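Step one of this worksheet: look at the structure below.
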Amino acid sequence: MRTGIPCRRERSQGRRATIPFLLLVAACYPTTTRPATLPLPSASVSEWELSVREATQELALALDADSIPVRRTEPGDGWLETGWFDAATLRPTQRRPLGDGIVRLRAWIDPGKPNYSSVTVETVYRPFDDPSRESRALEQVVVANHPVALRVNRILAALSKKFGGHSDDDEMVAPPDSAVGLKRKKP
């Protein structure tokens, strides 16, 4: 006859069932340093034959070598960013980030096809300030002929060439005898 009180055997089985669950929860480390923001749709995208960690490090080194002041690099989480910096001098600035003379760069590196990473880079500015809106909502990607955008695209193209991938700036054309597949246009 069953009563409302579980017997000793039923209670010990319940405890045994919770132990694997608690171990699973303890083994997970659900935090990341990666910001919750997503790249803007018009950001530059490249694909390199590198792991996420390697691609993040290579991009950070290339930006630093070109005098773009990377403030934070997180190879394990696949992202990097600069602070706001002056587009003319490439130096970090404390000035209010308004207009396309003060820009910020962010990059997200995600796993792509096997052994490749997808590298998304945006260079943004704030055309105006509106305290009633979130600051990220005010950011816009700089125009394609902006001096910093040209530098970044040159860096991405060089890294794409070096690491066997392609960038969205590569011209792709369909071969004349086939509607399937794409070939790179030779210069």
Side-chain angles (χ1 to χ4, degrees), residues 31-112 116-172 187:
T31 61
T32 179
T33 61
R34 196 170 189 163
T37 58
L38 296 174
L40 295 172
S42 53
S44 297
V45 179
S46 298
E47 189 173 60
W48 304 338
E49 191 173 3
L50 292 173
S51 70
V52 169
R53 179 177 291 279
E54 293 168 331
T56 306
Q57 291 170 335
E58 289 293 335
L59 179 59
L61 291 170
L63 291 169
D64 280 337
D66 203 53
S67 301
I68 295 178
V70 176
R71 180 184 73 176
R72 185 168 180 187
T73 304
E74 294 291 340
D77 288 333
W79 70 277
L80 63 85
E81 70 179 355
T82 67
W84 291 101
F85 65 95
D86 188 299
T89 64
L90 301 179
R91 295 195 167 279
T93 185
Q94 296 300 318
R95 289 185 13 220
R96 192 171 176 193
L98 289 178
D100 65 354
I102 307 291
V103 297
R104 172 180 232 166
L105 183 137
R106 292 185 190 97
W108 294 262
I109 297 84
D110 299 302
Y116 280 78
S117 292
S118 176
V119 180
T120 306
V121 180
E122 68 177 20
T123 305
V124 297
Y125 75 104
R126 288 189 191 150
F128 60 90
D129 195 15
D130 182 353
S132 68
R133 294 176 63 191
E134 184 182 327
S135 61
R136 173 66 175 167
L138 299 172
E139 295 176 359
Q140 294 181 11
V141 173
V142 297
V143 295
N145 64 351
H146 187 279
V148 175
L150 293 173
R151 289 176 90 100
V152 170
N153 287 337
R154 189 175 60 243
I155 292 167
L156 291 175
L159 290 172
S160 292
K161 185 176 180 181
K162 181 177 180 181
F163 296 114
H166 69 83
S167 68
D168 59 0
D169 292 334
D170 290 345
E171 260 189 276
M172 304 292 270

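Values in this document were obtained by computation on a predicted structure and should not be read as measured data.
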| field | Validation row: Thr82, Ile68 side chains within 4.5 angstrom (heavy atoms) | value | yes
By salt bridge (charged side-chain N to carboxylate O under 4.0 Å, His left out), Glu139 pairs with (sequence neighbours left out) Arg106, Arg126, Arg136
Arg91 meets the side-chain hydrogen bond (donor to acceptor under 3.5 Å, both in side chains) criterion, sequence neighbours left out, with none
For Leu138 and Phe128 the tightest heavy-atom approach is CD2-CE1, 3.5 Å
CZ (Arg72) and CG (Asp77) are apart, to the nearest 0.5 Å, by 8.5 Å
Scanning both residues in full, the closest heavy-atom pair of Val143 with Ala149 reads O-CB, 3.6 Å
- [ ] Using a 4.5 Å cut-off on heavy atoms from C-beta on, say whether the side chain of Trp48 contacts that of Ile109.
- [x] no
Thinking salt bridges, do Glu81 and Arg71 make one under a 4.0 Å N-O criterion? yes
Do you see a donor-acceptor pair shorter than 3.5 Å between the side chains of Trp108 and Ser118? no
(request) Taking Glu58 for its side chain and Ala55 for its backbone only, find out whether a donor-acceptor pair lies under 3.5 Å. (result) no
For Arg34 and Trp79, the nearest pair of non-hydrogen atoms, with its separation, is CA-NE1, 3.1 Å
For Asp100 and His146 the tightest heavy-atom approach is O-NE2, 2.8 Å
Item to check | Donor-acceptor under 3.5 Å (Glu122 side chain, Leu40 main chain) | outcome: yes
Value for CD1 (Ile102) from CD (Gln94), rounded to nearest 0.5 Å, stands at 10.5 Å
Here the gap from Glu49 atom CD to Glu54 atom CD, rounded to the nearest 0.5 Å, amounts to 10.0 Å
Sorted by chain and number, sequence neighbours left out, side-chain contact (heavy atoms from CB on, under 4.5 Å) with Thr73 holds for Thr56, Ala60, Val70, Pro75, Leu80
Please walk me through it: do Ser44 and Asn153 pass side chain to side chain contact (heavy atoms under 4.5 Å, CB included)? CA-CA 8 Å; Ser44 297; Asn153 287 337; 3.2 Å; yes
Please walk me through it: do Val124 and Val103 pass side chain to side chain contact (heavy atoms under 4.5 Å, CB included)?
CA-CA 5 Å; Val124 297; Val103 297; over 6 Å; no
Nearest heavy-atom approach of Val52 to Gly78 is CG1-CA, 3.6 Å
Apply side chain to side chain contact (heavy atoms under 4.5 Å, CB included) to residues Arg95 and Asp86 and explain how you reach the verdict. CA-CA 9 Å; Arg95 289 185 13 220; Asp86 188 299; 3.2 Å; yes
In this structure, CD1 of Ile155 is separated from CG of Asp66 (nearest 0.5 Å) by 4.0 Å
dist Phe85:CZ -> Thr123:OG1 (nearest 0.5 Å) comes out at 6.5 Å
Would you sort out whether Phe163 and Val119 count as a side chain to side chain contact (heavy atoms under 4.5 Å, CB included), showing the intermediate values?
CA-CA 12 Å; Phe163 296 114; Val119 180; over 6 Å; no
Are Ser117 and Asp110 linked by a side-chain donor-acceptor pair shorter than 3.5 Å? no
All heavy atoms of Pro127 vs all of Gln140, minimum pair found to be CG-NE2, 3.6 Å
